[in-house]
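For reference, the structure discussed in these notes is given below.
All ligand and atom numbering here is 1-based and tracks the order in the structure. Values below: every heavy atom of this structure, side chains too, minus hydrogens, waters and symmetry copies. Keep in mind that what you see is a predicted model, and the values were worked out from it rather than measured.
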Amino acid sequence: MEKNQIILKGIAAAPGISIAPAYLFSKESESVSAEKIEDIEEALGNIDTALELSKKEMRKIFNLAVDKIGEKRAAIFEAQMMVLDDPILIASIKERIRNERMAPEYIVEDEISKYIKIMKASNEPYMKERSHDIEDIKNRIIRNLKKKKWKSKISNDVIVVTTNLSPSDTVLLSRSNVKGYVTDFGGLTSHAAIVARSLNIPAVVGIHEATNLIHDDDLLIIDGFHGEVIVNPSDELVNEYKEKIDKLSQYDEELLKIKSLPAVTLDGKEIKLMANLDISEEMSFIVHNCADGIGLVRTEQLFEEYEVFPDENQQSEVYNKISESIYPKPVIIRAFDIGGDKVLPVDLHEPNPMLGWRGIRLLLDNPNLFKTQIRAVLKASKHRNVWFMLPMINSLSEVIAAKKIIEECKKELLEEHIPFDSDIMVGIMIEVPSAAVLTSDFADIVDFISIGTNDLIQYLLAVDRGNEIVSTQYQEFHPAVIRTIRHIINEAGKKSLPVSMCGEMAADPFALPLLVGLGLESLSISAAGIPLHKKILRSLNYSELKQLAAECLNLKNEDEINNKLHKFFNEKISDQIKNLY
Ligand code: PEP
Ligand code: MG
């Protein structure tokens, strides 16, 4: 029977078009079924891997928790770690797998639940409470067993459909040659969307009903330019989209022809186009697309890759590789921006994580973690092309405190006769409104700034960047946003402080003429977008862009600004580019 074609609308989160079967990915529910298994040795191996992975995760959690919530409360995690090492428990799980030939997650569920039942029945309130911790650890092991399962299951080219996606899932799944991401929830600047763009994989987020309406193996067309997903498309539509895919690849080839030319306007204004680096796989792509440097390394992604806090040597090796690959162009390494919606391996149940313990706040509270990273960055700076950037700054005192720690690290390395750049550039992200207001004061104590519009818009407009319910209120062209950007650029300009922008607004082709018109001379975007930005800039006049920006600054609401920018784009940019959007 022919299936019904449905067209679903969402937020266009990462450009591109693919046609592939759906794979429904779920990790929320830890329900397990009593499945029989064939390969006992494989199941036993999976148990060992899941225990090892769970231990690594718990170690991460414990390390972070200890500094912040104190030894005593962090001991909860220690108790959970002990469960993972309990030889009697492990032996009985393995024995049951051998004897009963049942799926390991089923045995884990059954075996650990026995303990939980006994604890819950206890008269001791302490024991009762601890039962939740054991429940947690049980779910963690099962989750890790399942991860192993889905990782091997999605070996072919599929479009992943899921309720929500974390950045780490996005990366993990991409290693299975995923052709697209479709989610029920999430916004344009959620980190999963950013990672999808970095990976050059189309994504449509915030569809709400995607996981209800799409079934495993349904054929999907994902259009990441227009935020559309077509479920069970007609043959006619499939052919139409196949043609579009062909045109796109021809167009990509066209764009790559200009990749080594400078990003310069018709009247000679040169703009630096740098690349954001989210995962190490992107490095060769960045070099290939001729980025003018790396404007943002999101080092927190290292947690995803290493599963634990990488030590100083591991980190310096990674930073060194990056700095050498891009040399002599600069690389801006950002200190771990952990917390918020990013990887925070401690579930502290903060009521408002976006307003909570993230970025510089967490780093200054964890000086050992911070110092390890600073030393690693300094060690990688010996070729003098490494800059160091602090995230989530909102006051001068945070910068002063961080610089004090940087100085301590320099002193140590000097005493240890380890070479480093003693004049390393230290800068900050401007992503909190207070920092934007204080730009001129920051200019006296830092060497550069980079505007992080993803957070700046979120905090300026009080709109959660990852929440699709309020996504129409998340307005990059809100007059307050563009006037704030103008303020930052002007204030920095007065003190000759280098300014760049590494938020997603910089990657938006419609925003590009406005940003350059506002005086921005450097942008950092995902490497995939660099050739198109170059093509756009090379077809425009800087004088017109200044005029455009001046007109936008006089407008009173986002619709007017949005319309003006779209009109400009349609009039000035070649038809070939327009057709993509
Ligand atoms: C930003 O906030 O704009 C930014 C670049 O940082 P992140 O997206 O990593 O929070
Ligand atoms: Mg940010």
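Between E504 and ligand 1, not a single N/O pair is under 3.5 Å apart. In terms of N/O distances under 3.5 Å, ligand 1 is approached by D455.
For D455, the N, O or S atom closest to the Mg ion (ligand 2) goes by the atom name OD2. With respect to the Mg ion (ligand 2), E431 has OE1 as its nearest N, O or S atom.
Residue-ligand proximity: Q458 is placed with every non-hydrogen atom at 4.0 Å or more from ligand 1.
Counting heavy atoms only, R334 comes closest to atom 6 (O) of ligand 1 of the residues M505, R334, M501.
Near R358, meaning under 4.0 Å from any of its heavy atoms, are these atoms of ligand 1: 10 (O). Below 4.0 Å from some heavy atom of R298 lie the following atoms of ligand 1, by number and element: 4 (C), 5 (C), 6 (O), 7 (P), 8 (O), 9 (O). Within ligand 1, the atoms closer than 4.0 Å to a non-hydrogen atom of R465 are 2 (O), 7 (P), 8 (O), 10 (O), numbered from 1 in the order shown. Taking a cut-off of under 4.0 Å to the non-hydrogen atoms of G452, the atoms of ligand 1 that pass are 1 (C), 2 (O), 3 (O).
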N/O donor to acceptor pairs below 3.5 angstrom from side-chain atoms of residues 503-511, sequence neighbours left out:
from, atom 1, to, atom 2, distance (Å)
E504, OE1, R197, NE, 2.6
E504, OE1, R197, NH2, 2.8
D508, OD1, F510, N, 2.9

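Taking OG1 of T484 as the start and CD1 of I430 as the end, the distance is 11.0 Å to the nearest 0.5 Å. Between the NE2 atom of H566 and the CD1 atom of I573 there is a distance of 11.5 Å, given to the nearest 0.5 Å.
Just one of F420, W387, Y319 meets the side-chain contact (heavy atoms from CB on, under 4.5 Å) condition when paired with V377; it is Y319.
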Worksheet entry | Evaluation steps, salt bridge (charged side-chain N to carboxylate O under 4.0 Å, His left out), between R465 and D455 | CA-CA 7 Å; R465 63 192 268 188; D455 279 312; 2.8 Å; yes
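Not counting sequence neighbours, the partners of F336 by the ring pair (Phe, Tyr, Trp, His ring centres under 6.0 Å) test are F303.
Side-chain contact annotation: Q373 with T299, donor-acceptor N/O pair under 3.5 Å present.
For M392, no heavy-atom contact with ligand 1 is shorter than 4.0 Å.
Taking each heavy atom of I449 and A492 in turn, the nearest pair found is CD1-CB, 4.1 Å.
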